[in-house]
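Presented below is the structure to which this report refers.
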There are 2 protein chains.
Amino acid sequence: MTKHARKKFIKKERSEQSAKQLTKAILNGNRKALFKAITLIESNAQHHQERAQEMLQPLLAYAGRSIRIGITGVPGAGKSTFIEAFGKLLCDQGYRVAVLAVDPSSTVNGGSILGDKTRMEELAKHENAFIRPSPSSGTLGGVHKKTRETIIACEAAGFDLIIIETVGIGQSESVVRGMVDFFLMLVLTGAGDELQGMKKGVLELVDAIAVNKADGDNLKLAIKTRREYAQILHLLRPATIGWETKAVTCSSLTGDGIESIWSMIQNFTELGKTSSVFYDRRNAQVSEWLHAMIKDRLELSFYQHEKVGEIRNSIEADVIQGKLTVTKATDQLFRAYQDNKK
Amino acid sequence: MTKHARKKFIKKERSEQSAKQLTKAILNGNRKALFKAITLIESNAQHHQERAQEMLQPLLAYAGRSIRIGITGVPGAGKSTFIEAFGKLLCDQGYRVAVLAVDPSSTVNGGSILGDKTRMEELAKHENAFIRPSPSSGTLGGVHKKTRETIIACEAAGFDLIIIETVGIGQSESVVRGMVDFFLMLVLTGAGDELQGMKKGVLELVDAIAVNKADGDNLKLAIKTRREYAQILHLLRPATIGWETKAVTCSSLTGDGIESIWSMIQNFTELGKTSSVFYDRRNAQVSEWLHAMIKDRLELSFYQHEKVGEIRNSIEADVIQGKLTVTKATDQLFRAYQDNKK
């Protein structure tokens, strides 16, 4: 063995051992190890990604046993206070709760979710809770891939509930729908006004709408808003087969309605497991994840291809100016991609 | 020149000449040539596709001058009778009108649009009208590609308005939105019931909703339905920047409202051309078309790849059973694709 090969061998041994150690520590529920694992999962460095995969592979056998809950709602709808109240209730009952975030971009102004950990101060202190601030960067596709892998790590670490919070600006909802079992939308009173600011189609993605801040002077209006949403939901196709999308009210302040949201989710899960809708969705989600990753990889390899890059702009300009048909343009670009495949 | 090469040369000469002749005939507004051209465009045979591209390339310079109008609505909403009334009005005013269909599959039961040409008998007889029955087969992606090329041929043949009818079963709406300037949805009275059967998100794709069959005993209810739709539209994001989605009533039987739909479309077009929203959308549509075709081609080349095909099913099963991470599965499949690239 040459000196170089020996060094490489030792390095590889160490990293493999380290991935193995990490795997073991996660299975023991070690919180620090889980944090480290997620950092590894989120890293874009090639050798980190390789280690993350080494670590995740044996964890797969222990994953999948949680209930995955997505929480969305426009900024200001009270997502953090709701998650705090909801999470605490569950932690007090003995459930282990992990809270993750899907942030479609690192440059969202004024809304870097969970970046400010103090927003869920009380929940963060609970021994059964795990809150992962989101130092997310990169594309939505990247975050999506990584959040799914983070879910696996959290489940292997023994968390019973994984709560995934969206930034609520309408870009991440369908991505989150693709990775959760139950999807809850928080709204405020005044359905009409709020709906106008909402991304189209979100109502059809969720399993329940909770009118938040249903307390004090706001209670009457919240009840009215709930009814308005119920009417709109009646016109739409439900997100989950065999489950009528619910509209409820709740208050993170008084705690009213929080417990019944948890009962609703348990009921939803039981029904889905009996009918197998729950498992069918999970399998479909994994298939979609695989095909989405393949698509990403294909497009990356195409658009980053040197020869394609050289001719792409002028070909696209020709197409827009009506000098070249789209089929001919595709042929030319694809020929460049195929001829020089490395 | 060998005998074989000579034969090939002559054959090539002939087919080129034939494509050139076809191009010329289309530019002269020859109806038979246009029919032949569309058959060529729709053919899946490689040599037909090549000839179609030869023919389309010089036509591009003459394309793009029409107004492209999409018409959708659930089966029974009266799309054919509306198109007949609307088309006749325009033809009588001297406009040349082409009617095309986007049929997502050849196996739609009881709704092979325009297959039954008698449905638009009167319009079909008009010298200014061109109706293309849809013998469509193949994937939605394929039809989409071909309809776009058919639009180019029709425009080069001098048609001022291209009307594209969907089958109205919710799969083709977003595809049609990607190829038209103005998108109209026909509905019947009783907004709620009908909306339930509608694919989610369609309301947000259209520029106007026309409550059809607003005549006789039905008129009052139609006016009420129009108001209900107007209220729902108020909650949704409009499909076109700077244009508030309209709700109107019309009757293909009495002709009421048909002319004002045409005025509305002219108004829409003028506004869009002034603000450049019209041209921006067209450019974006061409770019999207190019990238969609590239994606299709990439996925086709991946999933039809021999080595990928050999290992794909077992890898996917491993992923669903939690034996293999999605990232590792993608790596393995992609390696097979890259290593054996032909």
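Lettering of chains follows the sequences in order, A, B, ..., and the numbering in each one begins at 1.
- A247(B) approaches R226(B) most closely through the heavy-atom pair O-NH1, 2.9 Å.
- The residue among H291(B), K323(B), Q285(B), Q231(B) with the most heavy atom pairs within less than 4.5 Å of chain A is H291(B).
- Taking L333(B), V319(B), L324(B) one by one and counting their heavy-atom pairs under 4.5 Å with chain A, the maximum is reached by L324(B).
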*Go through Q49(A) and Q53(A) one step at a time and tell me if the side-chain hydrogen bond (donor to acceptor under 3.5 Å, both in side chains) criterion holds.*
CA-CA 6 Å; Q49(A) 283 186 20; Q53(A) 290 307 311; over 6 Å; no
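- By number of non-hydrogen pairs under 4.5 angstrom with chain B, the leading residue of A52(A), S287(A), A63(A), A329(A) is S287(A).
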*Given the rule in the side chain to side chain contact (heavy atoms under 4.5 Å, CB included) test, do L56(A) and T23(A) qualify, once you have shown the distances and angles that lead to the verdict?*
CA-CA 7 Å; L56(A) 283 166; T23(A) 301; over 6 Å; no
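- Looking at K295(A), only its side chain comes within 4.5 Å of chain B, counting heavy atoms on both sides.
- For L298(A), the side chain to side chain contact (heavy atoms under 4.5 Å, CB included) partners are I294(A), L298(B), E299(B), F302(B), F334(B), Y337(B), not counting sequence neighbours.
- Interface check for chain A: of the options T325(B), V286(B), D331(B), the most heavy-atom pairs under 4.5 Å are formed by T325(B).
- Checked for salt-bridge contact, D181(B) and R282(B) meet the test: a charged N lies under 4.0 Å from a carboxylate O.
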